[in-house]
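Comments concern the structure below.
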There are 2 protein chains.
Amino acid sequence: MKYIEKLRNSGLRPTKQRLQICEVLFNTERTFHFTINELEQKIKDKIDNKISLATIYNTVHAFEKKGYLKQIPVNSNQTYFDTNITDHHHFYNLKDGKLIDLENSDVGPINIKRKIDGKKIKSIEVLVKLED
Amino acid sequence: MKYIEKLRNSGLRPTKQRLQICEVLFNTERTFHFTINELEQKIKDKIDNKISLATIYNTVHAFEKKGYLKQIPVNSNQTYFDTNITDHHHFYNLKDGKLIDLENSDVGPINIKRKIDGKKIKSIEVLVKLED
DNA sequence: TGACTAGTTTATAATGGTTCTAAATAGCTG
DNA sequence: CAGCTATTTAGAACCATTATAAACTAGTCA
């Protein structure tokens, strides 16, 4: 299995559950956005055995901490994640709560001119809200 | 009271509670960011009578709908609001969860080149996460 | 291979921000 | 003032997320 190495190299034990979640998250044609609930559903559809909700939360947070997932800042009661970890931005369709990737070429470079003493920039994220 | 007109013009009855919340939110030297909990505390400090939490939620949402407040997209378990309703962006200090305004001149113009059929852009928001 | 140990998984309970409910209250219009 | 509707309120309900603590498992070392 191709994810065993990846996990071990990150200091995460390659458990059956984590490997299965890797399949769902990363063994895809395209990257995608998801909430925990949507991921839970996807796992149910693709995996025979059950993975508990707590494990899904644990795993998603572990993967995020290792940089395999990104959280997307959106105002919603649910947390959105992205399997596309490259620097990029999002449209957020207010009507259905769906996100759409924006390529960097669609936005242009963003240059933050102001500095805050003792702090460094971890990320720059642009959210473009869409309405009808 | 200077907020009576403002409220009436928006179709909101100028109740005692709403006027008091207006004082806390808008009768200030500077604009500021807040969560509902922080606002609740501020109200307790400045107002003699009690305003119920439900009313605070109702009022904040009513004001947001009327455009007197903006929600700021941040990944947090709490919702952040801003009394500065002009177009501007934010630093988000991950350490303490505090927001800092970025002037538009600190960021430069953001030009979204991609269009989505049938949708128009409601807002463009940049969040710059800060770490140590 | 057989423990030993630390890391994981799991069901379930707990937490906490937010929303709902339904009854009491207060603006507004005539 | 009367009557109507909007608003306020305490408390319950909701629901995403986190904590708990017991069972399990991967990795290690003899």
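Order of the sequence lines fixes the chain letters, A, B, ..., with proteins taken first and strands second; residue numbering starts at 1 for each chain.
Here the side chains of B/D82 and B/D101 are in contact, with some heavy-atom distance below 4.5 Å.
When rounded to the nearest whole Å, the span between CD1 of A/I51 and C1' of C/dT8 equals 12 Å. Taking atom CD of A/Q17 as the reference point, atom P of C/dT8 lies 11 Å away to the nearest angstrom. With rounding to whole Å, A/Y57 atom OH is found 15 Å from C/dA11 atom P. Regarding B/Q20, its CD atom lies at a distance of 14 Å from the C1' atom of D/dT7, rounded to whole Å. In this structure, A/E38 places its CD atom 16 Å from C1' of D/dT17, rounding to the nearest Å. Taking atom CD1 on B/I43 and atom P on D/dT9, their separation rounds to 10 Å, with Å as the unit. Per the geometry, NE2 belonging to B/H61 stands 16 Å off P belonging to D/dT7, to the nearest Å. Distance, B/L53 CG to C/dG16 C1': 11 Å, rounded to whole Å.
A donor-acceptor pair is defined here as one N or O able to donate and one able to accept, closer than 3.5 Å; no such pair exists between the side chain of B/T35 and the backbone of B/Y80.
Aromatic ring orientation, A/F26 versus A/Y3: tilted (interplanar angle from 30° to 60°).
Positionally, the nearest nucleotide of DNA chain C for B/N77 lies more toward the 5' end than for the other of B/R8 and B/N77. Sequence order on DNA chain C of the closest nucleotides to B/Q78 and B/L12 puts B/Q78 first from the 5' end. Taking for each of B/G11 and B/K50 the nucleotide of DNA chain D with the nearest heavy atom, the 5'-most of the two is the partner of B/G11.
Between A/E131 and A/K95, no side-chain nitrogen of the basic residue sits less than 4.0 Å from a carboxylate oxygen of the acidic one, so the salt-bridge criterion is not met.
Nucleic acid contact class of B/T15 (heavy atoms, under 4.0 Å, all strands): sugar-phosphate only. Counting non-hydrogen atoms under 4.0 angstrom, A/K16 reaches nothing in the nucleic acid. Contacts of A/T79 with the nucleic acid, taken as non-hydrogen atoms under 4.0 Å apart, involve only primed sugar atoms and P, OP1 or OP2. Using a 4.0 Å heavy-atom distance criterion, B/N58 is classed as a base contact.
Contact check, B/S52 against D/dT8: no side-chain N or O comes under 4.0 Å of OP1 or OP2. Side-chain nitrogen and oxygen atoms of B/R13 include none within less than 4.0 Å of the OP1 or OP2 phosphate oxygen of D/dT8. Put simply, B/R18 has no side-chain N or O that comes within less than 4.0 Å of OP1 or OP2 on C/dG27.
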Handout entry: Criterion salt bridge (Lys or Arg N to Asp or Glu O under 4.0 Å) on B/K120 and A/D132, from CA distance to verdict
Key = CA-CA 6 Å; B/K120 57 173 189 278; A/D132 288 318; over 6 Å; no
